[in-house]
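Heads up, the thing below is written out as structure tokens.
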Amino acid sequence: MINGLLLAFSITCGVTGSGFRYRIARDSLKTMGDNAAFNLILSLVCILVMAVAGGLRRPSLLTLLLSVVFGLLIILAGLSSVAAMHNGPMTLSVLISLCGTLIPTTVGSLLWREPVTPFQIAGIVLMLLSMALVLNPTVNSKITARWIAWALASFLLNGLIGLTQKIQSTSIYADEKMQFLFWSFVISALFLLGYLLAIRRARPGACVGCSFRGKLGAGAVLVGLTNAAQHIINLILVGLIPAAVFFPICNGGNILLTGLMGAVVFKERMTRWQIVGFVLGIFAILLVANVASAFS
């Protein structure tokens, strides 16, 4: 029961964060510098949350090394996710990004010998078909090569994030979750800050990220809080639930609710074939996941 409640809260955080992230990406992020400034705010908020949650305790060397990898993945995934939303629809951007579950699911079955049933294999095949329909520019003239590139980058990077979470949560230092997340966001913030300083040096007098004040700054902080909460919950659950179950259910819930948000709140419209691809994606995730075992 507790696993189900934590999953529901994680999905709620993910959908809320996606909505605010999309609004900010579409209205306010005009350059990669703005994108980096936005993600820096997210990292700083997460650092504060992880510090309060116990992240200041001394970590092991393995945890620090994984934190460096995870921090870099967070940067790249955050930048690619926002860039995809800036160049294309929120619903389909989130769908492709969260289909990255294929990576930890496949690796989990190989390295951790987690069982994969014929239904789950069929779900993986359907997920690939869903991506092919959604990413096909011939079914929607609004689909651009730029959006496809950013969406695929987000797919790969989010899959690697899930895999890194699984490695940490199954290591002998699995209890160092807060230290792992704390130092990951410290690494992320340092690299983003260095990138912004490099922009300022290259363009003296440029006001990079100056728009993040008032309501816009508050929105970035809210996205950071939902991001921090989701990372903490997911890192706990990924050590309790098999990857072939956890990632599809968590990501499937995010995709379904984000799709509803895109249609109702942001008035997004998909072509007939993209709707088919979206439905196939949700159905594929249900096949990949043994839903009942996640709530045991």
Side-chain angles (χ1 to χ4, degrees), residues 14-15 17-18 21-22 24-26 29 31-32 34-36 38-39 42 69-108 110 123-166 188 191-192 195 227 230 234 243 247-248 250-252 254-256 258-259 262 266 268 270-271 273-285 288:
V15 174
S18 291
R21 190 188 299 263
Y22 177 72
I24 293 172
R26 297 294 288 186
L29 304 185
T31 67
M32 286 301 292
D34 292 335
N35 193 344
F38 170 70
N39 280 280
L42 267 60
V69 174
F70 197 68
L72 292 174
L73 289 174
I74 288 173
I75 296 172
L76 298 174
L79 294 175
S80 62
S81 174
V82 172
M85 289 184 179
H86 181 72
N87 289 280
M90 176 188 71
T91 301
L92 300 183
S93 296
V94 172
L95 172 65
I96 297 303
S97 173
L98 295 185
C99 277
T101 183
L102 287 171
I103 295 174
T105 299
T106 303
V107 175
L110 295 175
I124 290 173
V125 173
L126 282 181
M127 194 176 292
L128 293 173
L129 177 59
S130 167
M131 290 178 62
L133 288 172
V134 168
L135 290 172
N136 188 354
T138 63
V139 303
N140 189 338
S141 59
K142 295 182 180 180
I143 297 300
T144 65
R146 183 185 295 270
W147 176 73
I148 291 175
W150 284 118
L152 288 177
S154 183
F155 162 81
L156 174 63
L157 292 164
N158 276 281
L160 292 176
I161 281 177
L163 181 59
T164 308
Q165 287 175 323
K166 185 68 178 178
S188 174
F191 274 93
L192 287 168
Y195 175 70
N227 196 32
Q230 191 175 29
N234 288 357
F247 290 104
C250 184
N251 293 347
N254 272 282
I255 292 170
L256 178 60
T258 300
F266 299 113
E268 290 187 344
M270 292 184 280
T271 66
W273 284 111
Q274 285 177 321
I275 293 174
V276 171
F278 181 75
V279 173
L280 280 178
I282 296 173
F283 186 60
I285 288 166
V288 171

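Heavy atoms only: backbone and side chains are in, while hydrogens, waters and symmetry mates are out.
In this structure the side chain of N39 never reaches within 4.5 angstrom of the side chain of I74, judged on heavy atoms. A 4.5 Å side-chain heavy-atom check between L152 and I148 finds at least one atom pair inside the cut-off. Put simply, the side chain of L95 reaches to within 4.5 Å of the side chain of S130, judged on heavy atoms. Looking at S93 and W147, their side chains come closer than 4.5 Å, going by heavy atoms from C-beta outward.
In terms of the side chain to side chain donor-acceptor pair (under 3.5 Å) criterion, S18 has no residue partners (sequence neighbours excluded). Residues meeting the side-chain contact (heavy atoms from CB on, under 4.5 Å) test with A77, sequence neighbours left out: L157, N158, I161. Taking the side-chain contact (heavy atoms from CB on, under 4.5 Å) definition, one finds that V279 meets it with I275, sequence neighbours left out. Taking the side-chain contact (heavy atoms from CB on, under 4.5 Å) definition, one finds that S81 meets it with R21, M85, S154, sequence neighbours left out. Judged as a side-chain contact (heavy atoms from CB on, under 4.5 Å), and not counting sequence neighbours, the contacts of V69 are L73, T164.
Considering all non-hydrogen atoms of both residues, T91 and T258 come closest at OG1-O, 3.7 Å. Of all the heavy atoms in G159 and P104, the pair that sits closest is O-CD, 3.5 Å.
Atoms CD1 and CG, on I75 and L192 in that order, are 4.5 Å from each other to the nearest 0.5 Å. Taken from CG in N35 to CG in L79, the straight-line distance is 4.5 Å, to the nearest 0.5 Å. F278 contributes atom CZ, which lies 13.5 Å from atom CG of L133 (distance to the nearest 0.5 angstrom). Residue F38 holds its CZ atom at 4.5 Å from CD1 of I24, rounded to the nearest 0.5 Å. Note: Q230 CD to N227 CG = 7.0 Å, rounded to the nearest 0.5 Å.
Applying the ring pair (Phe, Tyr, Trp, His ring centres under 6.0 Å) test to pairs two or more places apart or on separate chains, those with a residue in residues 70-91 are F70-F180, F70-H231.
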